[in-house]
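Presented below is the structure to which this report refers.
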Amino acid sequence: MTALDPLLAPLAGLRRTWLVTGGGGFIGSNLIETLLALGQHVRCLDSFVTGHRHNVDAASRGHEPDFELLEGDIRDLATCRRACQGVDVVLHQAALGSVPRSIEDPLSSHEANVTGFVNVLWGAHEAGVKRVVYAS
């Protein structure tokens, strides 16, 4: 047990369905692993443009009944709508990082980081998601 356990303990007693966008990244995969260890149901949405499938596999190993992987892109509104269905909380980690990438290809960075974020928000709104937590 870690020092954070008292803070996380309330989650163990209240099962929710969580959507982690960008679950193939370092932060997203650690969120998946922690939530699953607390008995939560987790859905991961990732396009694996910058994230890694092996991060998701390692984070979800042994928790298959409580874990869903949806491979898709947040730039697609229909994908965001599908991902948000039946979800209580969205932890939005998906992004195209890297300042050099954003300078070299500003349109792709904008589509993922701005339009993709709006798509996640709209999908969550339409699905009645109670909370969205956004990493920026």
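Computed from a predicted model, the values in this text were never measured in an experiment. Numbering of residues begins at 1 and proceeds along the displayed sequence.
The line from CG of Leu35 to CG of Asn30 is 10.5 Å long, rounded to the nearest 0.5 Å.
Within the structure, the salt bridge (Lys or Arg N to Asp or Glu O under 4.0 Å) test picks out the following pairs touching residues 10-36 (sequence neighbours left out): Arg15-Asp66. The list of salt bridge (Lys or Arg N to Asp or Glu O under 4.0 Å) pairs with a residue in residues 37-50, not counting sequence neighbours, reads Arg43-Glu68. Applying the salt bridge (Lys or Arg N to Asp or Glu O under 4.0 Å) test to pairs two or more places apart or on separate chains, those with a residue in residues 103-123 are Arg75-Glu111. Residue pairs that meet the ring pair (Phe, Tyr, Trp, His ring centres under 6.0 Å) test with at least one member in residues 10-39, sequence neighbours left out, do not exist here. Residue pairs meeting the ring pair (Phe, Tyr, Trp, His ring centres under 6.0 Å) criterion with at least one partner in residues 73-95, sequence neighbours excluded, are His92-Phe117, His92-Tyr134.
Considering only heavy atoms from C-beta on, Val89 stays 4.5 Å or farther from Leu19 through its side chain. For the pair Asn119 and Ile74, the minimum side-chain heavy-atom distance is 4.5 Å or more. Residues Val20 and Leu45 are not in side-chain contact: their nearest non-hydrogen atoms beyond the backbone lie 4.5 Å or more apart.
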If you look only at distance, which donor and acceptor atoms sit under 3.5 Å apart when one is on a side chain in residues 48-59 and the other is two or more places apart or in another chain?
from	atom 1	to	atom 2	distance (Å)
Arg53	NH2	Glu71	OE1	2.5
Arg53	NH2	Glu71	OE2	3.4
Asn55	ND2	Gly24	O	2.7

Would you be so kind as to tabulate the donor-acceptor pairs closer than 3.5 Å made by side chains of residues 80-87, with sequence neighbours excluded?
from	atom 1	to	atom 2	distance (Å)
Arg81	NE	Glu126	OE1	2.5
Arg81	NH2	Glu126	OE2	3.1

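For Val133, the side-chain contact (heavy atoms from CB on, under 4.5 Å) partners two or more places apart in sequence, or in a different chain, are Leu91, Arg131. Under the side-chain hydrogen bond (donor to acceptor under 3.5 Å, both in side chains) criterion, Asp76 pairs with Thr79, not counting sequence neighbours. Remark: Phe67 engages no residue in a ring pair (Phe, Tyr, Trp, His ring centres under 6.0 Å) (not counting sequence neighbours). Applying the side-chain hydrogen bond (donor to acceptor under 3.5 Å, both in side chains) rule to Ser109 yields no partners; only residues at least two apart in sequence or on another chain are considered.
In this structure a side-chain-to-backbone donor-acceptor pair under 3.5 Å is present from Ser98 to Arg101. Under the 3.5 Å distance criterion, the side-chain polar atoms of Gln40 are matched with a main-chain donor or acceptor of Leu14.
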Applying side-chain contact (heavy atoms from CB on, under 4.5 Å), run through Asp88 and Val129 and close with a yes or a no. CA-CA 5 Å; Asp88 298 303; Val129 172; over 6 Å; no
So Leu36 and Ser60, side-chain contact (heavy atoms from CB on, under 4.5 Å) or not? Walk me through it. CA-CA 7 Å; Leu36 289 170; Ser60 63; 4.0 Å; yes
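Cluster membership for Val42 and Ile27, using ILVMFWY side-chain heavy atoms within less than 4.5 angstrom, is shared.
Residues Ser108 and Leu96 come closest through the heavy atom pair O-CD1, 3.6 Å. What you find for Gly22 and Ala94 is that their closest heavy atoms are N-CB, 3.6 Å.
Atom CG of Leu77 is surrounded by more than 12 heavy atoms from other residues, nucleotides or ligands within 6.0 Å.
Grouping Ile, Leu, Val, Met, Phe, Trp and Tyr residues whose side-chain heavy atoms lie under 4.5 Å apart, directly or via other members, leaves Val118 alone, with no other cluster members.
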